[in-house]
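Just so it is clear: chains get the letters A, B, ... in the order the sequence lines come, proteins before strands, and each one is counted from 1. Computed from a prediction, not measured in an experiment: that's the story for all the values here.
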2 protein chains.
Amino acid sequence: MTDSTASRAMTRRAGIADVAALAGVSPGTVSKALNGRGSLREETRARVRAAADELGFSPSTVARSLLSGRTFTVGIITTDSYGRFSIPVMRGVEDSLGVGEMDAFLCDSRDDPIRERHHLRKLLDRQVDGIIVAGRRTDARRPLSDDLPVPVVYAFARSSDPQDCSVVSDERGAARLAIEHLVKTGRRRIAHITGPQSHASARERAAGAAEALAEFGLELAGEPLFGGWTEVWGRFAAAQLLRSVPDIDGVFCGNDVVARGVADGLRESGINLPEQVGLVGTDNWAVLAEAARPPLTTVDLGLEEIGRRAGDLLLAAIDGNPAPGTHIVHGHLVVRES
Amino acid sequence: MTDSTASRAMTRRAGIADVAALAGVSPGTVSKALNGRGSLREETRARVRAAADELGFSPSTVARSLLSGRTFTVGIITTDSYGRFSIPVMRGVEDSLGVGEMDAFLCDSRDDPIRERHHLRKLLDRQVDGIIVAGRRTDARRPLSDDLPVPVVYAFARSSDPQDCSVVSDERGAARLAIEHLVKTGRRRIAHITGPQSHASARERAAGAAEALAEFGLELAGEPLFGGWTEVWGRFAAAQLLRSVPDIDGVFCGNDVVARGVADGLRESGINLPEQVGLVGTDNWAVLAEAARPPLTTVDLGLEEIGRRAGDLLLAAIDGNPAPGTHIVHGHLVVRES
DNA sequence: GCATAGGCGGAAAAGGTTTTCCGGACAAAA
DNA sequence: TTTTGTCCGGAAAACCTTTTCCGCCTATGC
């Protein structure tokens, strides 16, 4: 039991005092030498560096934090358990933070306000330098709390307070990319099948599609079909669409799951993809899009980029250069075969 | 610029000294009162608590860490960018850690040893109390480093050193659950379609399936078909299987993606599922399994439970009660319609 | 009434680094 | 030789909490 505790860490962590002793200088001098502060002879710096290397010294982040008030950590609060959307966002955040040598605490609030407050409190106790809030839905969310002592950046799900710093995807632009692609490949009778109308992303993408079509002097073939974000709905909607608007030659879907269902539904109704009907999804969920028949052309929302931007903006805000307001990240089309 | 820094945090964090002043006692007394230490009158404790509440005081985790040497943080190193497997594991870890009031640092090593060493170094500098290593493949991995000053638990991907503490899924048991289900629903000619033979999980599940069948006095219909973890492979293999072993009445697949491809392949060859052929997958990837036709019966490996166990074992090790060796978490069958 | 013990709370050190201030030594200028 | 500077490095405070040790006051027993 305890002997294993003893077998670990035979040698205490080297402290700055150990380095000082070995180099024959004072602790303060070691600090200056290693951090490039103060005025020291180059020879002294070199001696200290050598001693530090020999002992494998690296300063205790804890002690440094205590003094500076900065911890070089940020908290990431994902409202949803890390899912399809928070994951790439988190990866982007970590990317961005890494260059600033900061680390991220992970908190999963599971959409529960109580848990969220709890995590917020814990993060503040830990004196994180900033907080990123990542959501899975694009609908605006209630701000974390007003008057926080640290900067906050909302990623993917914007804050309902426009003064807050939010980084979001370009929903209408995504729809525009999809529509442009369909029109440019010769489609004229384009329908839209998407998720629940209660989701902002479904509404926005539908609106964006209508806008983009209008600019081409076209309009949507039939009403947009709102349903659920499932393949089952996609299959069902495809069949329904063929009954009500038989002459379609293009479908834009609010997400890849639905698009996959639509692809199956159309194919099984004897429609040839992509010859007879062009299909474009949204999200670029690779496993799904690549397995679809034919592989799915889809709009990538740039989630990882959203994460990176959020990280960058947070770092800037921590450095005293906040950029309040909503920042929009543009997606891009991933052309496969549909 | 800087004025926003000023507008934030108008009021400095309340410190223990502020509470002491308000309650009319010394800082040491506040500490004792709030932590239930020392001998104080109940009236004094109450007065301190009231003062603390009024100021919204909560102790600086940083200062506490400096003294105690413990930070109440752990590092999670995911070898792969958080994917299908690390995510549920991480959720389980967070669950377990939460009850111990610990927080987790997230590190993504992207299977790059350099990045891994870098993260390890950072975590040790931060004096984390322990480390969890989560992988996406079940193949044993090289240990993080020997002689670390903190306990390490490997989750999902075991360490190649059997002395290390690893928590893994019961691969053979999972295959057994699948086979048992198929046999109990009357299947006798059962085939196996799975991923690449270079993956331990593919090999183990195949071996487990053979074992379980042998116990029923059966054997696999045809050789196991090793391929890739893709739907395309599943569809292809299904067709191939029907040619070489036309009389199958059950298929066990090494994962849900493959199973989904197999389902499509069989159905499109005119096979009725589940009437003519029973199908069982592995992983219980809900979006996929539920959208399959018919919805897929599959083995849940208990990833979240693996995460919880890993967290529990790490906490125990931190408390001086390490449990070296490999710990196995059993999965369970999720019966849908296939 | 005095001594002793126990209950309660204060004083101070410790933890490891950074930073400010200060002083010593040496060189150059008067 | 004395003064004025400059260059280099040391001493000590500060960050915030916990914990140990100690002392005071009160109560109790003789």
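Atom P of nucleotide C/dG16 and atom CG of A/D18 are separated by 9 Å, given to the nearest angstrom. Put simply, CD on B/Q127 is 10 Å from C1' on C/dG15, counting in whole angstrom units. In this structure, the CG atom of B/N35 is 13 Å from the P atom of D/dT20, given to the nearest Å. Taking atom CZ of residue A/R70 and atom P of nucleotide C/dT17, one finds them 19 Å apart after rounding to whole Å. Rounded to whole angstrom, the span from the CZ atom of B/R13 across to the P atom of D/dC16 amounts to 9 Å. Taking atom CG of residue B/L66 and atom P of nucleotide D/dA14, one finds them 17 Å apart after rounding to whole Å. Put simply, CG on B/L67 is 13 Å from C1' on D/dC15, counting in whole angstrom units. Straight-line distance from the CZ atom of A/F57 to the P atom of C/dG16: 11 Å, rounded to whole Å.
B/D139 and B/A200 get closest at one heavy-atom pair: OD2-N, 3.1 Å.
Under the 6.0 Å distance and 45° angle rule, A/R141 does not count as a cation-pi partner of A/Y154.
Side-chain N/O atoms of A/R37 include none lying less than 4.0 angstrom from OP1 or OP2 on C/dT18.
Checking A/V74, A/V128, A/I131 one by one against A/F105, the side chain to side chain contact (heavy atoms under 4.5 Å, CB included) holds for a single residue, A/V128. When each of B/L34, B/V48, B/D18 is paired with B/F57, the side chain to side chain contact (heavy atoms under 4.5 Å, CB included) condition holds for B/L34 and for no other.
Using modelled atom types, no side-chain atom of B/T71 and backbone atom of B/S65 make a donor-acceptor pair closer than 3.5 Å. Panel note: side chain B/R136, backbone B/F85; no donor-acceptor pair is recorded below 3.5 Å.
Residue A/S60 is classed as a sugar-phosphate contact, given heavy-atom separations below 4.0 Å to backbone atoms only.
For the side-chain contact (heavy atoms from CB on, under 4.5 Å) test, residues two or more places apart in sequence or in another chain that qualify with B/S26 are B/T29.
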- Query: In B/S/- notation, 5' to 3', how is nucleotides 7-13 of chain C contacted by protein heavy atoms closer than 4.0 Å?
  - Reply: -BBB---
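Under the 3.5 Å distance criterion, with hydrogens and angles disregarded, no donor-acceptor pair is assigned to the side chains of B/D125 and A/T61.
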- Item | Pairing string, 5' to 3', for DNA chain C - Watson-Crick or wobble contacts under 3.5 Å, brackets [ ] where pairs cross, | to another strand | ||||||||||||||||||||||||||||||
- Item | From CA spacing to verdict: salt bridge (Lys or Arg N to Asp or Glu O under 4.0 Å), A/R47, A/E43 | CA-CA 6 Å; A/R47 191 153 37 92; A/E43 186 269 331; 3.2 Å; yes
